[in-house]
Amino acid sequence: EEYVNQEVSAGNFTDPLMAAIAGHWKRLLGAEPTQETDDFLAMGGHSLLAARLSVALSGETGRYIRPVELLGQSSLADHCRLLKTGTEATPTNEVRPFEYSGGTGIPFSSAQKRMWYILLSGNSEGIFNESEAYRVEGKLDLVQLKLAIQKVIDKHVAFRMVVESERDLTWKVLEHVDAPLRQVPVSDDKETSWNRLPAVLHEEASRNFRFSSEPLIRFVVYTDGIGRHVIQFIAHHLIIDGFSETLLWKELADFYQEDPAGNELKQDTAYLSCLNSPPLKDQAGLEFWVDHLLAPTQVQPFDIRTDFPRPAKIDYSGKAAFLDLSNKTANSVRDLAKRLHSTPFMVFLALYLVWLNRHSTQEEYVIGTPVSVREPQWPQDMVGLLMNTIPLRLKSQEALPFSELVSVVSGLARDAMRHDHIQFDEIVKRANPERDPSRTPIYQVIFAFNEYSQRPAELSPGTKWTPEPVDVGFSPVDLAFYAD
C-alpha cells in the first residue's frame with residue numbers, strides 16, 4: 001500500500017498496486033482500464049509511452065521494469081505481476097558523481113567517439129548536423145524569443161560544451177554563451193525569398209560547426225517583419241538526440257510565455273555525470289548479438305538497384321524526400337497496431353521491410369534502429385546524446401500475410417531490445433565483420449520512429465506553429481527511413 005499514489009490511482013481494484021498502475025495508464029493513454037485483463041497495447045500504448053510508464057513506476061515503487069518487458073507482457077495483471085516479482089531498481093548504467101575542474105576534461109561517450117571518427121573520415125558538409133524548423137503565422141516577439149533561447153542555453157550544459165581536445169576526445173563547458181540567434185529578413189525582392197526558403201534552410205542546416213570555438217547549437221529566425229516567420233534550429237548530433245529535440249521545443253515555448261524575469265533556472269548538469277559513467281560490461285548480452293548477427297551465416301551487405309555505381313569510399317552526403325501522411329492514414333496505422341497487439345513502431349518497421357524487399361533481392365536485412373539509453377534515475381528533462389543503435393536482423397518473408405509479418409518482426413525486435421544496452425561499438429568489435437570503405441559496418445539501412453505527440457502545438461496561446469521540412473543533405477547510411 002505504500003506504493004499507492006492517490007493522485008493517479010484509478011478504478012475499483014482491490015489491489016492497491018494494480019490501482020496505482022491503472023492510474024498511470026489513464027494518465028498516459030487517456031483511457032481508464034476497468035479490468036485486470038485490459039491490455040496496454042490494445043488501449044493505444046506504444047514503446048515511448050512504455051518508457052514513460054517505466055519511469056513513473058520506478059519512481060513510485062522503487063522497482064525498475066524495462067519498457068520492453070512492459071510491451072512483451074502488456075495486460076494490467078502482467079504489469080502488476082512484473083512489479084511484484086521484480087527486483088529492486090537495478091538500472092543498466094548508474095550515474096556516478098563527476099567532479100570536473102572548471103568545466104574541462106569531460107570524456108566523450110562511446111556514441112560520441114563513433115560520430116567523431118565518422119566526421120574525420122567523411123567528405124561532405126553538415127555530417128551529423130540535426131535541424132528542424134517551425135513556421136509561425138502571426139505576431140512574433142523577437143526580443144522574447146531571444147530571451148527564451150538564452151534560458152534554454154543557460155539551463156542545459158550540453159548546449160555550452162565545445163571540444164577541448166581532438167586528440168584525447170574531451171569536452172569543456174563554457175561558463176556563458178550568448179543566445180546564438182540570427183535574424184534573416186525575407187522579401188520577394190531579396191535573395192532570401194519565401195520561394196527559396198527550402199534551399200536557404202538546407203544551406204544553413206549543412207553549415208559546419210567550429211567544434212572547439214563555438215557551441216554546437218544555433219538558431220535562425222526568417223521573418224518578413226509583419227506576420228510570417230520561420231524558426232530554425234541547428235545542433236550537432238554529438239550533443240543532442242530526438243528526445244532532447246522535443247524537450248528543446250517544449251522549453252522554448254514555455255520560456256517564451258514566461259515573464260521575462262521568470263523563475264530561477266535549475267541547471268541541468270547531470271549530463272556530465274552520464275558522460276563519465278563507465279560502459280556496462282555484459283558478456284552474455286554481447287554474445288546474444290554475435291549469435292543474432294552471425295548464426296548460422298553473416299547477412300550480406302545491403303544491395304539495392306541504383307542509377308550510379310557505388311563510390312569507392314562513403315562520403316555521407318545525401319538527400320531527403322518528405323511525405324506527409326494524412327491524419328486518416330496515421331490513425332489507420334495506430335488502429336492496425338492495436339488490432340495486431342503491436343505498436344506503430346513495429347508496423348512501420350514491417351512496412352519498411354516490405355519496401356526494402358521490393359527494391360532489392362536479398363532474403364535477409366540488417367536494419368539499424370536508434371534506441372534511448374535514458375535510465376529512470378536520470379533527470380527526465382536532461383538534454384544530450386543519450387542513445388545507442390542496435391542492428392535488427394530480419395528475414396523478408398514475403399509469403400507471410402502482413403499481419404503475421406508484424407507479429408514476427410515484433411517478436412524479434414523485442415528480443416533484441418532486451419540487449420539494447422550493449423554499445424554498438426562493442427558489437428562491431430566482437431562480430432568483426434569484413435570491412436568495406438564504401439559501406440558502414442554491419443548495417444547499411446536505418447529505421448527510426450519519433451513520437452512527437454509531446455511537442456507543443458503552439459509557441460504561445462493564439463500563436464500556432466507548424467513543422468517546416470529541412471533537408472540537411474547528410475545520410476549516415478545508404479538508406480534511412482524516419483517515421484515521425
Side-chain angles (χ1 to χ4, degrees), residues 52 55 59 95 97-104 106 109 112 129-134 140-164 171-182 209 211 213-221 231-277 372-387 452 454-456 458-460 465:
R52 293 171 60 194
V55 170
V95 176
F98 181 38
E99 298 296 333
Y100 62 95
S101 176
T104 63
I106 303 157
S109 69
Q112 288 172 337
N129 278 12
E130 297 281 315
S131 183
E132 294 181 352
Y134 276 88
L140 179 65
D141 187 333
L142 294 176
V143 173
Q144 186 70 3
L145 178 64
K146 187 170 184 177
L147 288 173
I149 291 172
Q150 186 67 64
K151 288 183 178 180
V152 170
I153 300 298
D154 290 345
K155 177 178 178 180
H156 298 290
V157 69
F159 295 150
R160 303 195 308 278
M161 297 195 320
V162 297
V163 176
E164 176 186 41
W171 299 98
K172 68 178 178 181
V173 178
L174 302 178
E175 187 171 340
H176 177 75
V177 172
D178 289 332
L181 173 65
R182 184 164 59 92
F209 286 95
F211 292 95
S213 60
E214 67 176 357
L216 305 188
I217 186 171
R218 58 179 181 263
F219 293 81
V220 183
V221 58
I231 304 170
Q232 180 184 18
F233 102 89
I234 309 93
H236 201 274
H237 204 358
L238 281 168
I239 54 97
I240 201 167
D241 57 20
F243 187 88
S244 300
E245 290 174 16
T246 291
L247 283 174
L248 183 152
W249 288 112
K250 185 177 183 300
E251 290 185 351
L252 187 66
D254 289 343
F255 291 145
Y256 182 82
Q257 297 172 45
E258 272 189 3
D259 183 287
N263 299 318
E264 184 177 353
L265 282 177
K266 182 180 180 181
Q267 292 285 314
D268 165 26
T269 58
Y271 185 53
L272 301 181
S273 297
C274 293
L275 291 176
N276 191 53
S277 300
S372 173
V373 295
R374 292 172 182 264
E375 299 288 357
Q377 84 279 17
W378 295 352
Q380 293 306 297
D381 62 348
M382 181 169 60
V383 162
L385 178 63
L386 296 158
M387 55 161 283
Y452 288 163
Q454 296 302 305
R455 294 198 174 190
E458 53 189 16
L459 177 61
S460 63
W465 55 7

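Side-chain atoms of Pro180 and Ile153, non-hydrogen and from C-beta on, do get closer than 4.5 Å to each other. Looking only at side-chain heavy atoms (C-beta outward), Ile217 and Leu248 come within less than 4.5 Å of each other. Residues Leu140 and Trp465 fail the side-chain proximity criterion, which asks for heavy atoms closer than 4.5 Å. For the pair Val152/Phe233, no side-chain contact is recorded, criterion being any heavy-atom separation below 4.5 Å from C-beta on. Taking 4.5 Å as the limit, some side-chain heavy atom of Phe211 sits within range of a side-chain heavy atom of Leu238. At least one side-chain heavy atom of Asp154 sits less than 4.5 Å from a side-chain heavy atom of His176. Trp171 is not listed as a side-chain neighbour of Leu272, based on a closest heavy-atom distance of 4.5 Å or more. Side-chain contact check for Leu247 versus Phe243: some heavy-atom pair is nearer than 4.5 Å.
Taking a cutoff of 4.0 Å between a charged side-chain nitrogen and a carboxylate oxygen, Lys266 and Asp381 do not qualify as a salt bridge.
Looking at Glu164, its side chain never comes within 3.5 Å of a backbone N or O of Val162 through a donor-acceptor pair. With Gln150 contributing its side chain and Ala179 its backbone, the two residues share a donor-acceptor pair below 3.5 Å. Judged purely by atom type and a 3.5 angstrom limit, Arg160 uses its side chain to pair as donor or acceptor with the backbone of Leu174. With Asp268 contributing its side chain and Val383 its backbone, the two residues share a donor-acceptor pair below 3.5 Å. Not a single donor-acceptor pair under 3.5 Å links the side chain of Gln144 to the backbone N or O of Gln257.
In this structure, OG1 in Thr269 is found 10.0 Å from CE in Met382, a value given to the nearest 0.5 Å. Put simply, CG on Leu216 and CD on Glu130 are 12.5 Å apart, with the number rounded to the nearest 0.5 Å. Taking CD1 of Ile149 as the start and CG of Leu147 as the end, the distance is 9.5 Å to the nearest 0.5 Å. A distance of 7.5 Å separates CG in Leu142 from CG in Leu181, rounded to the nearest 0.5 Å. Once rounded to the nearest 0.5 Å, the distance linking CG of Asn129 with NE2 of His236 reads 5.0 Å.
Every residue two or more places apart in sequence or in another chain that forms a ring-ring contact (aromatic ring centres under 6.0 Å, His included) with Phe159 is listed here: His156.
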Side chain to side chain contact (heavy atoms under 4.5 Å, CB included) between Tyr134 and Leu459, worked out:
CA-CA 10 Å; Tyr134 276 88; Leu459 177 61; over 6 Å; no
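Closest of all the heavy-atom pairs between Ala148 and Tyr256 is CB-N, 3.6 Å. Residues Lys151 and Glu258 come closest through the heavy atom pair NZ-OE1, 3.0 Å. When every heavy atom of Gly242 is checked against every heavy atom of Arg455, the shortest pair comes out as O-NH2, 4.4 Å. Minimum interatomic distance between Ala158 and Gly384 (heavy atoms only, all atoms of both residues): CB-CA, 4.3 Å. Across all their heavy atoms, Gln232 and Ser131 have their closest contact at NE2-OG, 3.0 Å. For Leu385 against Met387, the heavy-atom pair with the smallest separation is CD1-CG, 3.3 Å.
For Ser273 and Asn276, the side-chain atoms include no donor-acceptor pair closer than 3.5 Å.
Atom CD of Glu175 has 12 or fewer neighbouring heavy atoms from other residues, nucleotides or ligands inside a 6.0 Å radius.
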